[in-house]
Amino acid sequence: MEILLHEHEVLASTNEYALDLAKAGCPEGTLVLAHRQTGGHGRMRRVWSSPVGGLWFSLVLRPKIRPQVIAQVTLLAGVAVTQALREIYLTDDIYIKWPNDILIHNKKVCGILAEMSLDEFQKVEYVIMGIGINVNIDKNEIPKNIKHQVQSLKDEYGIRIDEKEVLVKVIEILSRLYMQWQEVGIEPVLKKWCDLNCTLGKHVKVKDNDQVIYEGQALSIDEAGALVIRRDDGTIQKFNFGEISIRE
Ligand code: BTN
């Protein structure tokens, strides 16, 4: 994939900026990078703190897929970031928590927000793949209320790796997986996701809008990226939305 970099000192949100470019017809591979964001957001429109030192970017993709399997693109990004970080920091301690959090010792180092638009024929027109990685953020820059859940790679490993170096590695792996996905389907990515996740086999609670709506053992993920959960009474249900908490 050819990458077309739009680099900014500061933006409200790279996802919003990329969304405008995509609407205006920019090509796949357009990448919006900001050194800091003033209105960064995560899933459920949560505030995403984005000071200097983090890697905040959004990639415009135009995959040829059915909208029903859009969650696959998030799985793919999760695998790419996890592989890249494991290679750079020479560790096996980085895991994916379904659907889109990358954790080190149960603390979040990266969040992924995929937003898509459908055309008039209900075909996927574009996907904005927003990725935020706490690369060189300082402890005291993490908001107090989330300090216990968030970590930066610099603080975890005691080394500073240039954010651009991390970006290059993530993009290199992401584009390779993306091409493979478009050619042969999601199978190879699913296999990698299963090797890199810390969710399957665990007892999990599914939350929707902060309410627990289901609880049980995480068995697998299906082709579309939905999490399959078995309750103690044997009932099995799939979830392709919401968030989970994991009981260790
Ligand atoms: C989440 O875990 O809720 C997803 C967080 C995604 C944050 C990234 S940072 C770059 C891009 N721009 C945004 O406003 N959000 C995403």
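Counting starts at 1 for both ligands and their atoms, following the listed order.
- In terms of modelled atom types and a separation under 3.5 Å, the side chain of Thr199 and the main chain of Asn197 share no donor-acceptor contact.
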Practice task
Would you please test Glu172 and Arg176 for salt bridge (charged side-chain N to carboxylate O under 4.0 Å, His left out) and show each step?
Solution key: CA-CA 6 Å; Glu172 182 192 307; Arg176 211 185 315 132; 3.5 Å; yes
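- For the residue pair Asn15/Ser13, the side-chain donor-acceptor check at 3.5 Å is not satisfied.
- For ligand 1 and Gly40, the ligand atoms under 4.0 Å from any heavy atom of the residue are 14 (O).
- Using a 4.0 Å cut-off to heavy atoms of Gly42, the atoms of ligand 1 that qualify are 1 (C), 3 (O), 4 (C), 5 (C).
- Proximity of Arg46 to ligand 1, defined as any heavy-atom pair under 4.0 Å, is not found for any part of the residue.
- The heavy atom nearest to atom 15 (N) of ligand 1, out of those in His41, Met44, Glu16, Lys108, is found in His41.
- Just one of His6, Gln37, His8 meets the side chain to side chain donor-acceptor pair (under 3.5 Å) condition when paired with Thr14; it is Gln37.
- Listed by atom number, the atoms of ligand 1 under 4.0 Å from Trp48 heavy atoms are 2 (O), 5 (C), 7 (C), 9 (S).
- Close contacts of ligand 1 with Gln37, meaning ligand atoms under 4.0 Å from a residue heavy atom, involve 9 (S), 10 (C), 11 (C), 12 (N), 13 (C), 14 (O).
- Screening His105, Lys108, Glu156 against Gln151 for a side chain to side chain donor-acceptor pair (under 3.5 Å) leaves a single residue, Glu156.
- Between Asp162 and Lys164 there is no salt bridge, since none of the side-chain N atoms of the basic residue sits less than 4.0 Å from a carboxylate O of the acidic one.
- Every atom of ligand 1 with a heavy atom of Ser13 under 4.0 Å away is listed here by number and element: 12 (N), 13 (C), 14 (O).
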Practice task
Begin with the C-alpha distance, continue with both residues' side-chain angles, and end with the deciding distance and a verdict on salt bridge (charged side-chain N to carboxylate O under 4.0 Å, His left out) for Lys238 and Glu223.
Solution key: CA-CA 11 Å; Lys238 281 185 187 181; Glu223 276 249 326; over 6 Å; no
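- Close contacts between ligand 1 and Thr14 involve ligand atoms 10 (C), 11 (C), 12 (N) [criterion: under 4.0 Å to a heavy atom].
- The distance criterion of under 3.5 Å between nitrogen or oxygen atoms is not met by Trp56 with respect to ligand 1.
- Using modelled atom types and a 3.5 Å distance limit, the side chains of His41 and Glu16 yield a donor-acceptor pair.
- Of the heavy atoms in Ser58, only side-chain atoms (C-beta onward) come closer than 4.0 Å to ligand 1.
- Here the protein heavy atom with the shortest distance to atom 3 (O) of ligand 1 is Arg43 N, 2.8 Å.
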